[in-house]
Amino acid sequence: MKAMQQNDRWRWLTAGAVAVCLLAFTLLIGLLGWQGVRAFWPQPVDQYQFQPPEGSAVMVLGETLQKQQQGAQWRYVVKTGNRDFAAPDFRVLYSQGAAKTRRPADVIVLQRRNGGNAYGWLVELRQDNEVMTARSRDALLHQRLQQVHEQLRQASQIRRIDMARLNAQLESLQQQVDEQQRNGTFNLEVQSEFDANRTALQRRFNALAQQLTHLQQESQRDTLVLRDVQGVDHTLPLAQVVDAWYPNAMTLTNKMLHFFSQIWQFVSDSPTSGGGESGAFPAIFGTVLMVLLMSIIVMPLGVIAALWLHEYAGRNALTRLVRIAVVNLAGVPSIVYGVFGLGFFVWLIGGTIDQLFFASALPNPTFGTPGLLWAALTLALLTLPVVIVATEEGLSRIPDNLRQGSLALGATQAETLWRVVLPLAVPAMLTGLILAVARAAGETAPLMLVGVVKMVPELPVDAVFPYLHLDRKFMHLGFQIYDLAFQSPNIDADRPLVYATALLLVVIILSLNLLAMALRHRLRERYRLMTH
């Protein structure tokens with residue numbers, strides 16, 4: 001009876017601990033979600049007339065973030081935007097008594113590619129300094145915005161794909177000529193062929209450059225005139241406007257549609273391809289690609305090491321020393337792995353590769369500089385102990401009679417490992433993969449040394465052979481969170497984006513883990529009968 005009571009206590013204690021963990025995780029997701037949606041939900045815009053304790057009345061237009069009464073005075077925190085011509089875009093104002101407030105229905109909010117939001121009233125649209133007229137000025141604005149966005153998309157495609165492919169062909173042609181010159185096989189016939197090919201490629205490149213120039217000029221023709229709360233008109237190019245809306249005149253349905261549109265824009269746009277300042281697609285792509293490469297590298301190494309430790313290595317001092325080293329490596333700070341990756345992978349291995357295979361490009365490094373490959377290898381080394389320990393634990397739970405039965409039927413030890421032991425250990429391997437992904441996806445400190453940057457001109461994957469460029473630097477959600485939270489020149493405006501990006505990182509890690517857990521469950525059910 002006493003033992004049963006103690007077991008009940010342990011069950012209740014375990015259930016309580018699980019409940020606390022689930023509650024903490026739910027509160028975390030709730031906090032990130034609640035704080036993050038402010039960046040995408042269309043907030044109403046108020047027009048204030050303040051009466052400061054000293055001085056004349058002040059007119060302010062913007063989103064109200066905070067309103068407090070402090071005795072006879074009122075304190076307001078207002079996001080006024082218009083950073084480029086009326087900085088700062090967050091203001092703390094005091095009023096003697098409550099400020100006069102109204103919400104004009106014709107106030108427009110412009111989301112811009114840089115400079116933050118702009119608030120005011122739309123005066124007119126112009127094309128080549130000529131006023132454009134239409135029955136619905138709002139419909140005309142969105143029509144011209146869509147046209148400009150299409151021109152910018154075409155220009156980005158020409159620059160990132162077509163011209164990049166031609167540049168790669170020109171570089172490959174020049175490398176072939178340089179190699180022939182070094183080998184002494186360069187002659188007049190080769191020179192003539194080289195000149196003809198280069199001329200043809202240069203002609204196509206010039207045609208694309210002219211088309212790109214034309215699209216850029218066309219995208220700069222349209223402008224709009226915005227009148228601020230002080231009555232001053234400002235001319236803004238439509239090429240700098242991402243979206244425009246009238247928040248005070250929007251219905252709930254319009255706000256919901258705008259909300260989901262802003263979320264899609266956040267996860268799909270890139271700052272380098274014409275998106276807004278907050279586009280997260282390059283960081284999402286870099287995070288997922290780095291985790292996949294890390295998984296491809298670490299799983300074979302971890303499984304082979306675990307197999308050697310459990311199946312082949314004997315119980316001796318060397319094996320105990322290796323196990324102690326593996327366990328201790330799991331506790332090494334991640335920044336130490338970053339320093340090791342920079343010194344060993346980047347400078348030693350990358351520098352050696354450059355000297356052997358890319359000597360013609362020196363002193364400009366190709367692999368002797370931080371990049372995607374070295375970041376994946378560094379994180380693979382960081383998560384290797386986790387995979388080894390998890391896999392070895394799974395191997396130790398496989399009954400010995402299965403191995404002995406396989407050997408008794410005439411199978412070799414290698415066949416037993418491949419057909420009996422490894423299939424049963426797959427769930428444990430996937431457990432190690434889940435733990436490795438959870439740790440690697442959230443690491444930031446080592447990546448700052450071996451490949452991650454704030455902004456990249458191109459993704460690691462493009463349409464130019466070899467398509468996957470492991471030598472390129474990349475963006476990462478963890479580093480983007482750090483940059484928005486501590487390096488941003490306008491932290492007040494970027495604070496909601498910090499929560500939104502953190503929520504996005506958590507969702508990606510959960511998605512990758514759930515995928516691995518579903519595969520683990522399926523394989524566990526498949527091989528369950530073999531253990532009974």
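- For the pair Thr383 and Met294, the tightest heavy-atom approach, listed with the atom from each and the gap, is OG1-SD, 3.5 Å.
- Scanning all heavy atoms of the two residues, the minimum distance from Ile509 to Ala438 falls at CG2-CA, 4.1 Å.
- Within a 6.0 Å radius of CZ in Phe259, other residues, nucleotides and ligands contribute more than 12 heavy atoms.
- The shortest side-chain heavy-atom distance between Gln191 and Phe194 falls under the 4.5 Å cut-off.
- At least one donor-acceptor pair under 3.5 Å links the side chain of Arg472 to the backbone N or O of Leu459.
- Remark: side-chain polar atoms of Gln151 are paired, donor with acceptor, to backbone N or O of Ser219 under 3.5 angstrom.
- More than 12 heavy atoms of other shown residues, nucleotides or ligands fall within 6.0 angstrom of atom CH2 in Trp41.
- We find the CD-CE distance between Gln480 and Met475 to be 5.0 Å, quoted to the nearest 0.5 Å.
- Rounding to the nearest 0.5 Å places OG of Ser334 at 6.0 Å from CG of Leu382.
- Between the CG atom in Leu512 and the CD1 atom in Ile434 there is a gap of 10.5 Å [rounded to 0.5 Å].
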Legend entry - Audit row: Ile29, Leu503, side chain to side chain contact (heavy atoms under 4.5 Å, CB included) steps and yes/no: CA-CA 7 Å; Ile29 297 297; Leu503 178 62; 4.2 Å; yes
Legend entry - side chain to side chain contact (heavy atoms under 4.5 Å, CB included) evaluation trace for Ile284 with Leu477: CA-CA 6 Å; Ile284 297 173; Leu477 285 172; 4.2 Å; yes
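- Between Ala375 and Leu447, the shortest heavy-atom contact is CB-CD2, 3.8 Å.
- In terms of modelled atom types and a separation under 3.5 Å, the side chain of Ser172 and the main chain of Ala168 share no donor-acceptor contact.
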Legend entry - Leu510 and Phe25: CA distance, side-chain angles, deciding distance, side chain to side chain contact (heavy atoms under 4.5 Å, CB included) verdict: CA-CA 12 Å; Leu510 280 178; Phe25 180 75; 3.6 Å; yes
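- In terms of modelled atom types and a separation under 3.5 Å, the side chain of Trp374 and the main chain of Phe367 share a donor-acceptor contact.
- The main-chain N or O of Phe479 is never found under 3.5 Å from a side-chain atom of Asp483 such that the two would form a donor-acceptor pair.
- Between Phe358 and Ile353 there is a side-chain heavy-atom pair separated by less than 4.5 Å.
- By the salt bridge (Lys or Arg N to Asp or Glu O under 4.0 Å) test, Asp162 pairs with Arg165, sequence neighbours left out.
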Compile the donor-acceptor pairs under 3.5 Å between side chains in residues 197-205 and protein atoms, sequence neighbours left out, one pair per line.
{"unit_1": "Asn197", "atom_1": "ND2", "unit_2": "Glu193", "atom_2": "O", "d": "3.3"}
{"unit_1": "Thr199", "atom_1": "OG1", "unit_2": "Asp195", "atom_2": "O", "d": "2.6"}
{"unit_1": "Gln202", "atom_1": "NE2", "unit_2": "Asn206", "atom_2": "OD1", "d": "3.3"}

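- Other residues, nucleotides and ligands place more than 12 heavy atoms under 6.0 Å from the CE atom of Met163.
- Leu342 contributes atom CG, which lies 11.5 Å from atom CG of Leu348 (distance to the nearest 0.5 angstrom).
- Counting heavy atoms from C-beta on, the side chains of Phe260 and Met256 come closer than 4.5 Å.
- With His476 contributing its side chain and Ala441 its backbone, the two residues share a donor-acceptor pair below 3.5 Å.
- Side chain of Ser261 to backbone of Leu257: no donor-acceptor contact under 3.5 angstrom is found.
- Leu435 places none of its side-chain heavy atoms less than 4.5 Å from the side chain of Val389.
- Looking only at side-chain heavy atoms (C-beta outward), Phe266 and Leu497 come within less than 4.5 Å of each other.
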Distance-only criterion, 3.5 Å: show the donor-acceptor pairs between side-chain atoms of residues 301-314 and protein atoms not counting sequence neighbours.
{"unit_1": "Glu311", "atom_1": "OE1", "unit_2": "Arg403", "atom_2": "NE", "d": "3.4"}
{"unit_1": "Glu311", "atom_1": "OE2", "unit_2": "Arg403", "atom_2": "NE", "d": "3.4"}
{"unit_1": "Glu311", "atom_1": "OE2", "unit_2": "Arg403", "atom_2": "NH2", "d": "2.9"}

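- To the nearest 0.5 angstrom, Lys473 atom NZ is 9.0 Å from Asp471 atom CG.
- By the 4.5 Å heavy-atom criterion applied to side chains, Glu458 and His469 are not counted as neighbours.
- Nearest heavy-atom pair across Leu430 and Ala516 is CD1-O, 4.1 Å.
- In this structure, Thr416 and Leu402 have side chains that are not in contact, with every pair of non-hydrogen atoms separated by 4.5 Å or more.
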Legend entry - Test side chain to side chain contact (heavy atoms under 4.5 Å, CB included) applied to Met448 and Tyr482, step by step: CA-CA 11 Å; Met448 296 171 64; Tyr482 163 77; 4.1 Å; yes
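- Looking only at atom types and distance, the side chain of Gln175 has no donor-acceptor partner in the side chain of Glu171 under 3.5 Å away.
- The two residues Leu379 and Pro446 have their closest heavy-atom pair at CD2-CG, 4.3 Å.
- Here Ile349 contributes atom CD1 and Asp354 contributes atom CG; the two are 12.0 Å apart, rounded to the nearest 0.5 Å.
- Panel note: side chain Thr287, backbone Ala283; a donor-acceptor pair is recorded below 3.5 Å.
- Contact of the Leu289 side chain with the Phe474 side chain is not registered, since no non-hydrogen atoms from C-beta on lie closer than 4.5 Å.
- Residues Ala390 and Ala428 share a closest heavy-atom pair of O-CB, 3.6 Å.
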